[in-house]
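One structure below.
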Amino acid sequence: MKSFTLFTSALVAFASTVSAAGVTGAAEGFAKGVTGGGSAAAVYPSTTDELVSYLGDSKPRVIILNKTFDFRGTEGTTSAKGCSPWGTGSLCQQAIDKDGWCENYESSAPKVSSLTYDKAGMIGITVNSNKSLVGQGSKGIIKGKGLRMANGVKNVIIQNIAITDLNPHYVWGGDAITLAGTDMIWIDHVTTQRIARQHIVLGESASGRVTISNCDIDGSSSWSATCDGRHYWALYFTGSNDMITFKGNYIHHTSGRSPKVQGNTILHAVNNYWYDIDSKGHAFELGQGGYVLAEGNKFQNVNVIIEAGATGKYFTVPGSGSPCSSFIGRNCQSNAFGSSGLFSSADTSFLGNFKGKNIASAAAASSVSTANVGYGKI
Ligand SMILES: *[C@@H]1O[C@H](CO)[C@@H](O)[C@H](O)[C@H]1NC(C)=O
Ligand SMILES: *[C@@H]1O[C@H](CO)[C@@H](O)[C@H](O)[C@H]1NC(C)=O
């Protein structure tokens, strides 16, 4: 009996090291097969400089975080003029005048003579290809600076960390996770809180195959563009050739762009939980070139699930799930709604885009829970 137990636990250990050392489980959906740093020996950065160096060098790496890396102050501060597009109330975000934004887009907004912000937040840490960045228990926290994958970076796993406190007073003060020209990226069990602008941004260039799973997108903040404790800028998916599996995430206390989808983006939104989205705002903003298959999700207290005037296409399983089977090889799951607005579209005209791809499984919306979401849970 004893030797049998040893045998099975050895098998389990083996199975988890096949995909990627240090990483728990494997990506489902579009980024299935991502290996990150593969079997590279684990490294444990002890300073912010060391973390930056491991993430940016050209070696495959498994980088384990067992402490907080606080970047605030590491690059100094800047004082510059800005504006107050949403008023000067204590709950309102103000805006840094990035690239003349205050003049070009908010010309009528009151100008602010001097905002002081932390420079580290402005641009994320460069992450190169073939990296696994994994937090240990609930210890892996990066404060004051995000992560940036760009210009052809491929094969990255980010798991079980929190990214927090990027200039939360000021729009344009930094994004938590940026993808701009990537392929095969897996973001799993990541918590983002108190961010200046986007929690996760997949910008205009092609982000390729991406899986975002079990993340806690926490929009609670003392400063927001809607001046009500809920962050407006959460998930921005506007790439030119993006396939995003978005599964098992918790998106809450936001007031807009959660997500914004357009460009040329296929989004499979499955088994997520949207909760308490500001009644003045919305969850989905869906523009031209955004294609959304939404199934098995739970919406609670989301007054406006999709902003009026959507020009993208979406399918929400309004009736039977069977229309999915010829495209993804199985029926779709219905979405569930509690004290929430309408989210209903029977348009299957775009589902051919999902054919032949790695598609995440779906459970019934009734089984969606937040118990295992965010960092510190694996
Ligand atoms: C990442 O790994 C792949 C496959 O081993 C390799 O071809 C590529 O050059 C690596 N990239 C970097 C930046 O090391
Ligand atoms: C992190 O883990 C490494 C390797 O086990 C160890 O040397 C280091 O002391 C740990 N750091 C903290 C803060 O626990």
Side-chain angles (χ1 to χ4, degrees), residues 13-27 29-74 120 123-165 177-191 202-203 205-212 239 241-243 358 374-378:
F14 180 67
S16 64
T17 52
V18 167
S19 54
V23 170
T24 302
F30 296 135
K32 182 177 178 177
V34 61
T35 55
S39 56
V43 291
Y44 295 78
S46 59
T47 63
T48 53
D49 282 350
E50 217 172 2
L51 174 58
V52 167
S53 157
Y54 286 146
L55 284 170
D57 70 15
S58 56
K59 296 196 178 88
R61 290 205 184 270
V62 174
I63 304 159
I64 311 281
L65 303 187
N66 59 359
K67 50 172 277 193
T68 296
F69 293 82
D70 193 345
F71 284 83
R72 292 173 302 178
T74 58
I123 299 211
I125 305 166
T126 296
V127 180
N128 209 340
S129 296
N130 305 327
K131 308 283 183 183
S132 301
L133 176 65
V134 183
Q136 195 177 77
S138 55
K139 293 180 183 163
I141 299 171
I142 300 176
K143 279 194 180 180
K145 198 169 181 70
L147 300 170
R148 179 180 168 81
M149 285 145 271
N151 307 321
V153 163
K154 293 187 174 68
N155 191 30
V156 175
I157 298 172
I158 300 167
Q159 187 175 61
N160 196 38
I161 65 166
I163 301 176
T164 72
D165 302 287
I177 297 181
T178 304
L179 273 56
T182 60
D183 193 24
M184 292 297 274
I185 309 292
W186 183 29
I187 302 164
D188 181 61
H189 283 96
V190 170
T191 295
L202 277 55
S205 40
S207 302
R209 294 163 291 176
V210 180
T211 295
I212 301 169
N241 188 6
D242 294 13
M243 292 171 40
N358 289 315
Y375 87 115
K377 307 285 179 62
I378 53 173

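All values reported here derive from a predicted model rather than from experimental measurement. Ligands are counted one by one from 1 in listed order, and the atoms in each one are counted from 1 as well. Keep in mind that the numbers below use all heavy atoms, side chains included, and drop hydrogens, waters and symmetry copies.
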Identify, by atom number and element, the atoms of ligand 1 in contact range of S129, meaning under 4.0 Å from any of its heavy atoms.
->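 Matching atoms, with element in brackets: 11 (N), 13 (C).
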
Atoms of ligand 1 close to N130 [distance to a heavy atom under 4.0 angstrom, numbered from 1] =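 Going through ligand 1 atom by atom, the ones under 4.0 Å from N130 are 1 (C), 2 (O), 3 (C), 8 (C), 10 (C), 11 (N), 12 (C), 14 (O).
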
For P60 and G37, which heavy atoms make the closest approach, and how far apart are they?
->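 Looking at all heavy atoms of both residues, the closest pair is CB-O, 4.1 Å.
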
Step through the shown structure and confirm whether more than 12 heavy atoms of other residues, nucleotides or ligands are within 6.0 Å of NZ on K377.
->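 It does: K377 NZ has more than 12 such atoms within range.
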
Residue K154 excluded, over 12 heavy atoms near NZ under 6.0 Å =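 No, the 6.0 Å shell around NZ holds no more than 12 heavy atoms from other groups.
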
Less than 3.5 Å between some nitrogen or oxygen of S58 and one of ligand 1, yes or no?
->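 Right, the criterion is met.
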
Within the structure, does N128 bring an N/O atom to less than 3.5 angstrom of an N/O atom in ligand 1?
->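 So ligand 1 has no N or O lying under 3.5 Å from an N or O of N128.
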
Test applied, side chain to side chain contact (heavy atoms under 4.5 Å, CB included); reference residue, R148; option that passes from I125, I123, L55 =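 Filter result, single survivor: I123.
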
Check for a donor-acceptor pair, side chain of K131 on one end and backbone N or O of D57 on the other, with a separation under 3.5 Å.
->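 Pair found, side chain donor or acceptor close to backbone of D57.
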
N155 side chain to S129 backbone, donor-acceptor under 3.5 Å |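 A pair under 3.5 Å: no.
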
Could you pull out all residues at least two apart from K139 that satisfy side chain to side chain contact (heavy atoms under 4.5 Å, CB included)?
->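 By the side chain to side chain contact (heavy atoms under 4.5 Å, CB included) rule, K139 matches N66, Q136.
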
Check whether any side-chain heavy atom of L147 sits under 4.5 Å from a side-chain heavy atom of I142, and report yes or no.
->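 A side-chain contact under 4.5 Å exists here.
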
Protein residues that have a heavy atom under 4.0 Å from any atom of ligand 2, sorted by chain and number |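 Y44, N66.
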
